[in-house]
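These numbers come from a predicted model, not from an experiment. Just follow the structure's listing: the first ligand is 1, and inside any ligand the first atom is 1.
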Amino acid sequence: MIVMKFGGTSVGSAEMISRVVKIVKKNAIKKPVVVVSAMGGVTDMLIKAAKEKASGTAQKNAVEKIIGIHEEAIDKLGIGQSIIEDEANGLRSAIDIIKRGDEVNARILDDIMSFGERMSARIVAACMQKEGIDAKAYDAYDIGMLTDSHFGEANVLPKAYGDIGKRIEGEKKMCVITGFIGRDLRGSITTLGRGGSDYTASIIGAAIRALEIQIWTDVDGIMTADPKVVDGARSIREVSYDEASELAMLGAKVLHPKTILPAMEKEIPVRILNTFNPKHAGTMVIKKARRRSRVASITCKKHIDVIDISSASMTDIRGLMRKIFDAFDRQGISVDVISTSEANISVTTDNICNMAALGREIGEEASVHIRKNMARVSIVGKGLANMPNILGTIFSSLDSIPIGMISSSVSGINQSLVVNIDDADRAVKMLHLAFFGS
Ligand code: ASP
Ligand code: MG
């Protein structure tokens with residue numbers, strides 16, 4: 001068995017859904033389990049509708065527009081409107097609940113977001129049936145996707161793996177399963193975090209010990225850099241699990257950061273493929289990547305903030321570190337990259353919550369300074385660890401760009417630097433030239 005996950009763009013219109021069905025049909029012999037995202041843009045629209053402050057009519061219109069997108073696709077595919085009737089009504093009443101005065105809390109929002117995947121899975125399954133595939137749509141929670149109650153970013157419970165495995169193995173039809181959603185122990189619908197359908201695919205892959213987990217998206221796999229920034233960027237044939245998860249965590253958008261772990265634990269290859277270009281080999285994520293270049297990819301994240309904390313008299317550095325990280329924790333700041341010296345600690349983050357409060361918490365012993373709207377450029381590759389002059393290469397290729405901070409991961413798999421946001425694209429281009437020669 002294999003898992004084939006199709007993202008929002010891949011199921012974004014009637015034409016795309018037909019294309020997806022063709023791709024699945026071609027792979028029928030491998031016994032695919034299909035996982036789908038909501039149609040492209042729908043999750044954003046659902047969130048917006050849920051948060052719509054205006055009168056009931058604005059909210060109603062927003063919901064009808066969302067349902068209309070699905071009905072239009074259904075019409076074009078000729079599969080019968082009734083296929084999503086229950087979900088459409090479910091969405092209408094879920095939105096109604098808010099109007100009665102409840103605040104849109106994370107639980108209600110998850111419930112509302114879930115309708116995107118619930119509708120798309122039904123449409124894709126119906127389209128498959130029309131094309132002669134014996135398919136059945138499933139809401140992930142009906143086949144065992146049990147999570148904790150961390151609404152908006154739920155974690156899958158260990159029990160889920162065994163349950164999902166048993167359910168899918170006992171199913172004769174081809175399963176078309178909703179990505180992104182699950183259910184907690186109390187029965188409330190949860191979501192796994194934005195872009196979480198990749199994670200669903202990986203959990204299911206691990207649960208059924210799939211031969212391969214395929215993530216079908218709209219690019220030719222993981223690229224050496226963002227092709228919109230670097231003309232010479234090309235797709236990478238193979239990357240290792242740790243390189244891929246490092247890239248995902250650093251902001252490369254092709255994969256949800258949690259995707260790799262379940263696959264890695266069972267050593268299942270993850271293949272990233274392009275629905276628009278299905279013949280392309282894409283990128284294979286495996287335990288040991290065979291590749292000539294030491295660097296896998298250069299990735300960039302813009303609009304991050306750097307928090308600099310310095311103290312002239314850091315006599316008890318250990319105590320201060322604890323205090324600083326406790327303060328981050330209390331303020332809900334998650335730290336990405338850290339660099340320290342004796343009297344200084346700099347960290348990058350993309351979610352500063354309350355700067356004034358942070359300043360107050362650490363303020364007395366150290367001064368806190370923030371550089372807003374910076375960019376983090378990261379060079380990722382297993383081979384970096386034994387590249388003696390890596391820093392020399394970086395500094396000489398960026399000679400005219402001021403570097404605001406530099407940090408190497410302990411494993412040597414990533415070198416990250418902070419630059420001004422206006423220099424970011426140029427930095428990526430120059431580094432790409434230095435490491436990939438184009
Ligand atoms: N539909 C969800 C989102 O837009 C999950 C996904 O597409 O992976 O975030
Ligand atoms: Mg995605």
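Taking 4.0 Å as the cut-off, Gly7 does not count as a neighbour of ligand 1 on heavy-atom distance. Residue-ligand proximity: Gly196 is placed with a non-hydrogen atom under 4.0 Å from ligand 1.
Residues Ser188 and Phe151 are in side-chain contact: their nearest non-hydrogen atoms beyond the backbone lie under 4.5 Å apart. Side-chain contact check for Leu255 versus Leu247: every heavy-atom pair is 4.5 Å or farther apart. Within the 4.5 Å cutoff, no side-chain heavy atoms of Val24 are placed close to those of Trp216.
One finds no salt bridge joining Glu52 and Lys48 here, because no Lys/Arg side-chain nitrogen approaches an Asp/Glu carboxylate oxygen to under 4.0 Å.
With a 6.0 Å radius and a threshold of 12 heavy atoms from other residues, nucleotides or ligands, Arg294 has its CZ atom above the threshold.
With ligand atoms numbered from 1 in the order given, ligand 1 contributes 6 (C), 7 (O), 8 (O) to contacts under 4.0 Å with heavy atoms of Ser37. If you number the atoms of ligand 1 from 1 as listed, the ones under 4.0 Å from a heavy atom of Ser197 come out as 5 (C), 6 (C), 7 (O), 8 (O).
Of the polar atoms of Gly195, at least one N or O is found under 3.5 Å from an N or O of ligand 1, judged by distance alone.
Closest heavy-atom approach to atom 1 (N) of ligand 1 within the set Met113, Arg194, His256, Glu117: this belongs to Glu117.
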